[in-house]
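Every heavy atom of this structure was used, including side-chain atoms; hydrogens, water molecules and symmetry mates were not.
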Amino acid sequence: QVQLVESGGGLVQPGGSLRLSCAASGRTFTSYAMGWFRQAPGEKREFVAAISWSGGTAYYADFVGGRFTISRDNAKNTVYLQMNTLKPEDTAVYLCAAAASSSTEAASSDPLDYNYWGQGTQVTVSS
């Protein structure tokens with residue numbers, strides 16, 4: 001069992017930056033790939049980024065366009081999402097998720113592959 005708690009969201013102006021954190025607890029010794037998803041009101045949950053347990057494999061949604069970077073520090077049981085050049089359309093609840101991995105290099109953009117989810121942190125991009 002893994003518990004995930006996101007933090008770092010808030011209100012930022014267009015063009016600004018935020019760094020989201022996802023702290024994991026519980027069976028953190030287990031190998032998990034990690035992902036970030038987002039969900040705006042009235043919209044389906046959308047993939048943002050994913051990273052393998054090793055950190056050697058990372059995937060991003062097309063809309064990211066080089067603006068975001070996912071990283072992890074397994075010693076701290078924490079995953080990060082650095083978001084730069086934020087746009088109003090990035091406004092959403094951002095959720096961290098963990099997926100039991102078949103290998104330390106596995107990562108997935110499919111939410112069905114994820115076993116555990118945090119409650120989310122609100123990101124609002126507005127003037």
Under a side-chain separation threshold of 4.5 Å, the hydrophobic residues clustered together with L95 are F37, F47, Y59, V93, Y114, W117
Tell me, do T57 and I51 make a side-chain contact under 4.5 Å, heavy atoms counted? no
State whether the side chain of R72 and the backbone N or O of S52 hold a donor-acceptor pair below 3.5 Å, judged by distance alone. yes
Verify the cluster assignment for L86 and F63: are they in a single hydrophobic cluster under the rule of side-chain heavy atoms below 4.5 Å apart? yes
Indicate yes or no for a side-chain donor-acceptor contact from N74 to the backbone of W53 under 3.5 Å, with no hydrogens or angles considered. yes
Could you tell me the separation between the CD atom of E43 and the CZ atom of R38, rounded to the nearest 0.5 Å? 10.0 Å
CD of E89: more than 12 outside heavy atoms within 6.0 angstrom? yes
Nearest heavy-atom pair of M34 and C96: which atoms, and what distance? CE-SG, 3.4 Å
Heavy-atom closest contact (S108 atom, A50 atom, distance): O-CB, 3.3 Å
Could you tell me if the side chain of W36 sits less than 4.5 Å from the side chain of Y60, heavy atoms only? no
If we ignore angles and hydrogens, is there a donor and acceptor under 3.5 Å between the side chains of T124 and S126? no
Of all heavy-atom pairs linking A92 and Y94, the shortest is O-CD1, 3.4 Å
Can you list, by chain and residue number, the hydrophobic cluster partners of Y80 when the side-chain cut-off is 4.5 Å? none
Kindly give the heavy-atom pair with the smallest separation between M83 and V123, and that separation in Å. CE-CG2, 3.8 Å
Side chain to side chain donor-acceptor pair (under 3.5 Å) contacts in which one or both residues fall within residues 6-22, not counting sequence neighbours: S17-N84
Between V5 and L20, is there a shared hydrophobic cluster once you connect ILVMFWY residues whose side-chain heavy atoms come closer than 4.5 Å? no
Distance check, rounded to the nearest 0.5 Å: L81 atom CG versus T69 atom OG1? 8.0 Å
Residue pair A100 / Y32: nearest heavy atoms and the distance that separates them: N-CD2, 3.4 Å
Please report the shortest heavy-atom distance between L4 and A24, naming the atom on each side. CD2-CB, 3.7 Å
